[in-house]
Amino acid sequence: MKYLVHPPSRNEMMNDETRVWIAAADIGATHVRSAVFTGDFEGGSGREIQCMIYRKEALCRDGADGMVVTEQVIRMIQDVCDEAGCQPDAIGISTAGPLSVGKHSIKSSPNMPYADIPLRAPPLEMAFPCPVSILNDASAGGIL
């Protein structure tokens, strides 16, 4: 776990009703990366994420099917959220390879050995009671 900045104190988090926690994961051919960000989306100078609190990186796991990657993503998001002492208000995932029509899974990625890696429905939506968005990594990079 890579600690990047000093997180807000528990009192600051409890008293700050405008604080939002966003978890993110990047699924690549060789690594999965996760992070949690926080920011104030209600006041001040705008609607920007203020800081990244925790970041984690691990090699992609091998397994019988794509669920091994799904389970790894869930664990890694939970790990960074546990370190930050939060539950995510939203999750964003970027991934190499084509997505299914409803953006629920990775389909036949040339970079991964699995025909299907289920993500949004139901695995992540069952693990985290918040909105989950999934984008191709080229599209996600274009947003920055």
Side-chain angles (χ1 to χ4, degrees), residues 1-8 10 12-13 16-144:
M1 187 83 52
K2 187 172 184 180
Y3 178 71
L4 298 174
V5 297
H6 179 71
R10 296 274 182 224
E12 289 173 322
M13 288 188 288
D16 188 356
E17 294 181 15
T18 62
R19 183 168 301 282
V20 176
W21 296 92
I22 300 173
D26 177 60
I27 305 168
T30 58
H31 286 82
V32 175
R33 294 168 180 87
S34 64
V36 65
F37 303 82
T38 188
D40 181 347
F41 278 72
E42 289 282 328
S45 62
R47 298 179 174 270
E48 295 182 13
I49 298 296
Q50 296 169 347
C51 60
M52 183 182 343
I53 302 294
Y54 292 96
R55 180 179 183 275
K56 184 175 184 174
E57 181 174 332
L59 291 172
C60 285
R61 303 211 174 177
D62 292 328
D65 59 28
M67 273 305 292
V68 71
V69 176
T70 305
E71 291 164 357
Q72 181 178 13
V73 169
I74 291 169
R75 272 193 311 274
M76 290 179 67
I77 290 172
Q78 192 61 60
D79 286 351
V80 293
C81 289
D82 287 349
E83 288 291 323
C86 73
Q87 283 298 313
D89 295 301
I91 297 173
I93 297 177
S94 67
T95 181
L99 298 170
S100 65
V101 174
K103 295 186 179 178
H104 294 275
S105 63
I106 303 168
K107 291 289 188 190
S108 303
S109 173
N111 303 322
M112 298 175 201
Y114 309 109
D116 184 61
I117 301 172
L119 291 171
R120 192 169 75 200
L124 269 90
E125 290 178 344
M126 288 179 62
F128 303 100
C130 65
V132 177
S133 294
I134 303 168
L135 290 173
N136 176 274
D137 56 359
S139 298
I143 292 171
L144 299 174

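The shortest heavy-atom contact between P98 and S109 is CD-CA, 3.9 Å. The two residues Y114 and V69 make their nearest non-hydrogen contact at CE1-CG2, 3.7 Å. Between L135 and L99 the shortest heavy-atom distance is C-CD1, 3.8 Å. For D62 against V68, the heavy-atom pair with the smallest separation is O-CG2, 3.7 Å. I77 approaches F128 most closely through the heavy-atom pair CG2-CZ, 3.5 Å. Nearest heavy-atom pair, A29 versus N111, reported as atom, atom and distance to 0.1 Å: CB-O, 3.4 Å.
Here the side chains of M112 and I117 are in contact, with some heavy-atom distance below 4.5 Å. Side-chain contact between K56 and R75 is absent, with no heavy-atom pair separated by less than 4.5 Å. Using a 4.5 Å heavy-atom cutoff, the side chains of C60 and T30 are not in contact.
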Take Q78 and Q87 through the test side chain to side chain contact (heavy atoms under 4.5 Å, CB included) and record every step on the way to the result. CA-CA 8 Å; Q78 192 61 60; Q87 283 298 313; 3.5 Å; yes

Check the pair I27, L119 against side chain to side chain contact (heavy atoms under 4.5 Å, CB included), reporting the backbone distance first and the verdict last. CA-CA 11 Å; I27 305 168; L119 291 171; 4.0 Å; yes

Mind running side chain to side chain contact (heavy atoms under 4.5 Å, CB included) on L59 and H31 for me, showing each step along the way? CA-CA 4 Å; L59 291 172; H31 286 82; 3.3 Å; yes

Criterion side chain to side chain contact (heavy atoms under 4.5 Å, CB included) on I22 and I91, from CA distance to verdict: CA-CA 6 Å; I22 300 173; I91 297 173; over 6 Å; no

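Side chains of T95 and D137: no donor on one and acceptor on the other come within 3.5 Å.
Every side chain to side chain contact (heavy atoms under 4.5 Å, CB included) that D89 has, sequence neighbours left out, goes to V20, W21. Annotation: side-chain hydrogen bond (donor to acceptor under 3.5 Å, both in side chains) contacts of D116 (sequence neighbours excluded): S105, K107. Residues satisfying the side chain to side chain contact (heavy atoms under 4.5 Å, CB included) test with A90, not counting sequence neighbours, are none.
For the atom pair C86 SG and F37 CZ, the distance stands at 11.5 Å (nearest 0.5 Å). Summarising the geometry, atom OG1 belonging to T70 is positioned 8.5 Å from atom CD1 belonging to I93; distances are rounded to the nearest 0.5 Å. From E71, atom CD reaches atom CE of M76 across 14.0 Å, with rounding to the nearest 0.5 Å. In this structure, CG on L124 lies 8.5 Å from SG on C130, to the nearest 0.5 angstrom.
Distance alone, capped at 3.5 Å, places no donor-acceptor pair between the Y54 side chain and the A35 backbone.
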